[in-house]
> 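Have a look at the structure that comes next, please.
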Amino acid sequence: MAGLPNLWAAAPRRVRWAAAAAAAALLVVAVSVTAVLWAEGSGPSAEAGPDDLFQAAPECGDVPAEVLDEALGEAALDAAERGLLEDSDGAVCTWTSVGAEEDGVPPRVLRVGFRALFTDRSGEVAGAEAAKEALAGLEPIQRGVSAVPALGEDARAWRSTPAGDSAEVAFRKDNLLVRVSYGGAERAGGPPLGHEDARDAAIAAAEGVEAAI
């Protein structure tokens, strides 16, 4: 073997470049496959504790069509975001009414946010307790807070904006924190949306979501 020539060194430069490129491509494929397997192994279900009711945040499709119809009439899904957070899995969905301006009504927007909080790795803080603490932590930024007993003892509603033309409701279902906001589209003409109407619509939508999940 020692007497054999160094075939790599003797090969033309273009051949050596082609071989190196092929090896690099194989390395990229291997890394990509490893990354996919890692993502699958560390997904929401892998992070949740055995006693956590929600192993992942619900999907936008879990919001009933009846809720969208009541809040917006004809609705279009404008945005759907999802991602893992520390010890939790979250999703945010936003719908806007369609064709409302043709009837002289400004577009309305419904936003639903889900966050499934998981029992921590030490097992000391359960997911349901973490969700309760997260809900309580919203209070410092709330305006005009009022209780919503129909959605649980710690459910709250408040003004989303100082003008009061939108409202938000937050409630907890075991280890799942849900936030529902309803209001008029920004820079929309027409009559403003009153806070009471916004609050009523937000609560009605939240009740529909709670019943469906």
> Spell out, as yes or no, whether a donor-acceptor pair under 3.5 Å connects the side chain of Tyr182 to the backbone of Ala205.
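Side chain of Tyr182 to backbone of Ala205, a donor-acceptor pair under 3.5 Å: no, none is there.
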> What's the spacing between Leu53 CG and Leu176 CG if we round to 0.5 Å?
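Between Leu53 CG and Leu176 CG, I get 8.5 Å after rounding to 0.5 Å.
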> Quick check for you: to the nearest 0.5 Å, what is the distance between Leu72 atom CG and Trp95 atom CH2?
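Result: 9.0 Å between the selected atoms.
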> Shortest non-hydrogen contact from Ala91 to Pro58?
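Answer, listing the atom of Ala91 first, then Pro58: CB-O, 3.7 Å.
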> Using the salt bridge (charged side-chain N to carboxylate O under 4.0 Å, His left out) rule, collect all pairs that involve residues 204-213, keeping only residues at least two apart or in two chains.
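Checked against salt bridge (charged side-chain N to carboxylate O under 4.0 Å, His left out) - neighbours excluded - the pairs reaching residues 204-213 are Lys173-Glu210.
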> Consider side-chain hydrogen bond (donor to acceptor under 3.5 Å, both in side chains). Of Arg159, Arg179, Arg199, which one does Glu168 pass it with?
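Testing Glu168 for a side-chain hydrogen bond (donor to acceptor under 3.5 Å, both in side chains) against Arg159, Arg179, Arg199 leaves exactly one candidate, Arg179.
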> Judged by modelled atom types alone, do Asp52 and Thr119 share a side-chain donor-acceptor pair under 3.5 Å?
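Yes, Thr119 and Asp52 have a side-chain donor paired with an acceptor closer than 3.5 Å.
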> So does Phe118 get a backbone contact from the side chain of Asn175, meaning a donor-acceptor N/O pair under 3.5 Å?
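Checked: no pair found.
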> Please name the pair of heavy atoms, one in Leu138 and one in Trp158, separated by the smallest distance, quoted to 0.1 Å.
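Shortest heavy-atom separation between Leu138 and Trp158 comes out as CD1-CH2, 4.1 Å.
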> Under 3.5 Å, side chain of Ser97 to main-chain N/O of Arg108, donor-acceptor pair present?
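Yes, because the side chain of Ser97 sits within donor-acceptor range (under 3.5 Å) of the backbone of Arg108.
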> Determine the minimum heavy-atom distance between Ala167 and Ala202, stating which atoms define it.
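Scanning both residues, the minimum pair turns out to be O-CB, 3.9 Å.
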> Does some side-chain heavy atom of Val178 sit less than 4.5 Å from a side-chain heavy atom of Ile213?
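They are in contact (side-chain heavy atoms under 4.5 Å apart), so the answer is yes.
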> Nearest 0.5 Å, please: how far is CZ in Arg172 from CZ in Arg156?
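Arg156 CZ to Arg172 CZ: 11.5 Å, rounded to 0.5 Å.
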> Tell me if a side-chain donor or acceptor on Asp120 pairs with a main-chain N or O of Val125 at a distance below 3.5 Å.
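Answer holds: yes.
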> Once rounded to the nearest 0.5 Å, what's the spacing between atom CZ of Phe114 and atom OG of Ser88?
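The OG atom of Ser88 is 14.5 Å from CZ of Phe114, to the nearest 0.5 Å.
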> Quick check for you: to the nearest 0.5 Å, what is the distance between Asp200 atom CG and His195 atom NE2?
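It comes to 9.0 Å.
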> Quick one: closest heavy-atom pair of Ala130 and Leu117, and the distance?
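Looking at all heavy atoms of both residues, the closest pair is O-CD2, 3.8 Å.
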> Per the side chain to side chain donor-acceptor pair (under 3.5 Å) rule, what does the pair list look like for residues 62-76, sequence neighbours excluded?
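Those involving residues 62-76 do not exist here.
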> Transitively linked via ILVMFWY side-chain contacts under 4.5 Å: Val209 with Val92?
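Different hydrophobic clusters.
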> What's the spacing between Thr94 OG1 and Leu110 CG if we round to 0.5 Å?
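Going from OG1 on Thr94 over to CG on Leu110, the span is 8.5 Å.
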> Check whether any side-chain N or O of Asp89 sits under 3.5 Å from a backbone N or O of Ala57 as a donor-acceptor pair, and report yes or no.
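Yes; at least one donor-acceptor contact below 3.5 Å.
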> How far apart are the closest heavy atoms of Pro107 and Thr96, and which atoms are they?
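Looking at all heavy atoms of both residues, the closest pair is CB-CG2, 4.0 Å.
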